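On a predicted model such as this, the values are computed, not experimentally measured, just so you know. These values consider heavy atoms only, across backbone and side chains, with no hydrogens, waters or symmetry-generated copies. Numbers for residues simply follow the sequence, beginning at 1.
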Amino acid sequence: MDAARTDTGCSRCGMPLTFDALVSGVPGEAGVCGHCATAEPVPAAPQVDRSALLDRIFAVYRGAPVEPGEGYESVLRTLPSAGGDIDGVVLYSGGKDSSWMLADLVHRGLKVVAWMLDQGYQSPAAIDNARFLCDRLGVDLVIAKPEREPMDNLFRIGFGIPDQGDPELVRSAMTFGSACWPCFATISARATVFCRENDVPFCFVGTHKGQNRVGDETAMAQTFLPPLSAAADGFVAPLRDHARTRAPESADLLDTAPSRTILVPFYEFVPRPAREDLIADLEAMGWRVPRNTGSCSTNCMINELGCQVMRHQYGFDVYQVFEAHERRLDPEAGPVRPGPLDEAAVRRGARLIGLTPEEERAFGLA
């Protein structure tokens with residue numbers, strides 16, 4: 001495996017300089033990205049606790065009156081109504097962040113279903129974790145598993161985006177990840193169908209603040225508690241349209257459905273614990289860290305391969321982008337420098353998805 005070129009990133013926030021220049025249109029200077037060179041400093045408040053607001057949303061949903069003039073009154077008056085079999089669906093990977101979110105929502109008294117996409121590369125340990133935790137919490141687990149070939153085609157489409165000469169597609173792949181975008185897009189699209197078929201009021205997603213940001217905005221900042229179908233379609237449509245020209249059967253996985261469901265970005269409300277604390281909480285419930293998912297993921301066996309592909313093609317991986325957005329919320333934290341990838345996990349992912357020798361050379365594995 002080659003030593004992929006690495007964009008060490010902005011000396012202040014760690015954002016890859018090539019990515020920031022593409023997104024902001026402002027070239028960095030002297031190792032500082034365009035954002036940090038021009039943006040006003042922001043207060044260091046990355047972990048604002050808005051749990052009380054989340055509880056208020058749930059209370060109004062259950063029938064509590066909205067007080068005239070209270071904060072977010074217009075939003076509270078347009079919440080979906082209760083009355084169905086479930087209050088919400090949790091987009092669930094079996095990984096650490098979605099597992100902690102699931103447990104928290106159950107402890108808040110919500111009736112939820114855990115919905116998982118098995119894209120063919122979920123770690124068996126992550127699936128075992130999901131089944132064990134859902135059984136312990138009394139939550140139904142639904143696992144959707146697309147056919148292997150259409151799903152693999154989507155991953156290869158994500159890997160091949162730099163060859164298409166489309167700057168908007170390249171920007172999206174850099175923002176969401178060569179492997180993560182096909183996976184998350186499929187999750188988003190299939191979730192809209194599940195929510196439509198089951199008349200689900202809330203859909204909870206456990207992405208953290210760095211993942212929720214495109215530029216410096218969040219889905220919640222653009223539209224507070226956005227409709228799931230609108231949020232999903234905006235995220236999915238560019239990849240779906242591209243896939244239509246490359247693999248129409250794969251593009252069908254990305255069809256969305258309208259529903260009354262609203263999207264709740266959980267960690268915009270509830271502070272995400274430090275990694276070691278979060279894992280300790282889960283291990284106390286019987287969850288275990290998988291050993292075959294690489295250095296970043298706790299559920300996906302090709303995640304490390306996706307990072308390798310990005311580092312080889314772009315000079316950085318999507319986790320550097322996520323972490324830099326976190327640092328821009330808290331400038332005092334300083335940048336996080338990219339560490340080495342788990343070579344064994346990269347090669348395992350390449351073997352599982354069946355990369356050809358030509359593909360291995362193209363992605364820097366040979």
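- In this structure, Cys300 and Gln119 approach most closely via the heavy-atom pair SG-NE2, 4.0 Å.
- In this structure, Arg240 contributes its side chain and Ala251 its backbone to no donor-acceptor pair below 3.5 Å.
- Counting only N and O atoms by type, the side chains of Tyr92 and Asn299 include no donor and acceptor under 3.5 Å apart.
- Considering all non-hydrogen atoms of both residues, Gln320 and Phe316 come closest at OE1-CA, 3.3 Å.
- To the nearest 0.5 Å, the span separating CH2 on Trp287 from CG on Leu102 amounts to 13.0 Å.
- Contact check on Asp252 versus Arg244 returns a salt bridge, with a Lys/Arg side-chain nitrogen under 4.0 Å from an Asp/Glu carboxylate oxygen.
- The shortest side-chain heavy-atom distance between Val289 and Glu283 falls under the 4.5 Å cut-off.
- Looking only at distances, a side-chain donor or acceptor of Gln122 sits under 3.5 Å from a matching main-chain atom of Ser93.
- Side chain of His325 to backbone of Lys209: no donor-acceptor contact under 3.5 angstrom is found.
- The two residues Leu91 and Met101 come nearest to each other via the heavy atoms O-CE, 4.1 Å.
- Defined by atom type and a distance below 3.5 Å, a donor-acceptor pair is present between the side-chain atoms of Ser295 and Glu304.
- Nearest heavy atom pair, residue Ala257 against residue Thr192, reads N-OG1, 3.0 Å.
- Side-chain contact between Phe194 and Val113 is present, with heavy atoms from C-beta onward closer than 4.5 Å.
- Between Pro124 and Pro290, every side-chain heavy-atom pair lies at or beyond the 4.5 Å cut-off.
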message: Before you tell me yes or no, could you show the steps for Glu326 and His208 under side-chain contact (heavy atoms from CB on, under 4.5 Å), namely the whole-Å CA-CA distance, both residues' side-chain angles and the distance that decides it to 0.1 Å?
response: CA-CA 9 Å; Glu326 295 273 352; His208 58 75; 2.8 Å; yes
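- Here NE2 of His107 is found 12.5 Å from CG of Leu110. Values are rounded to the nearest 0.5 Å.
- The existence of a salt bridge linking Asp87 and Arg108 is excluded, since no basic side-chain nitrogen approaches an acidic carboxylate oxygen closer than 4.0 Å.
- Between the side chain of Asp20 and the main chain of Gly34, a donor-acceptor pair closer than 3.5 Å is present.
- For the atom pair CZ (Arg246) and CD (Gln164), the distance works out to 4.5 Å, reported to the nearest 0.5 Å.
- For the side-chain contact (heavy atoms from CB on, under 4.5 Å) criterion with Ile262, the lone passing option out of Val75, Leu79, Leu228 is Leu79.
- Under the 3.5 Å distance criterion, the side-chain polar atoms of Arg260 are matched with a main-chain donor or acceptor of Ser81.
- Separation of the Phe159 and Phe363 ring centroids falls under the 6.0 Å cut-off.
- Looking at every heavy atom in both residues, Pro80 comes nearest to Tyr61 through O-CD1, 3.2 Å.
- Remark: the backbone N or O of Tyr319 is not paired with any side-chain donor or acceptor of Glu323 at under 3.5 angstrom.
- Atom-to-atom distance recorded for Tyr314:OH and Thr18:OG1 is 10.5 Å, nearest 0.5 angstrom.
- Although no hydrogens or angles enter the test, the distance criterion places no donor-acceptor pair under 3.5 Å between the side chain of Arg190 and the main chain of Lys145.
- The aromatic rings of Phe235 and Trp181 sit tilted relative to each other, their planes meeting at an angle between 30° and 60°.
- Closest approach of Cys180 and Val318 over heavy atoms only: SG-CG1, 4.3 Å.
- Between the side chain of Ser123 and the main chain of Asn292, no donor-acceptor pair closer than 3.5 Å is present.
- To the nearest 0.5 Å, the span separating CZ on Arg351 from CG on Leu305 amounts to 11.5 Å.
- No donor-acceptor pair under 3.5 Å is formed between the side chain of Glu268 and the backbone N or O of Pro265.
- Here the CG-CD distance, from Leu253 to Glu249, works out to 9.5 Å after rounding to the nearest 0.5 Å.
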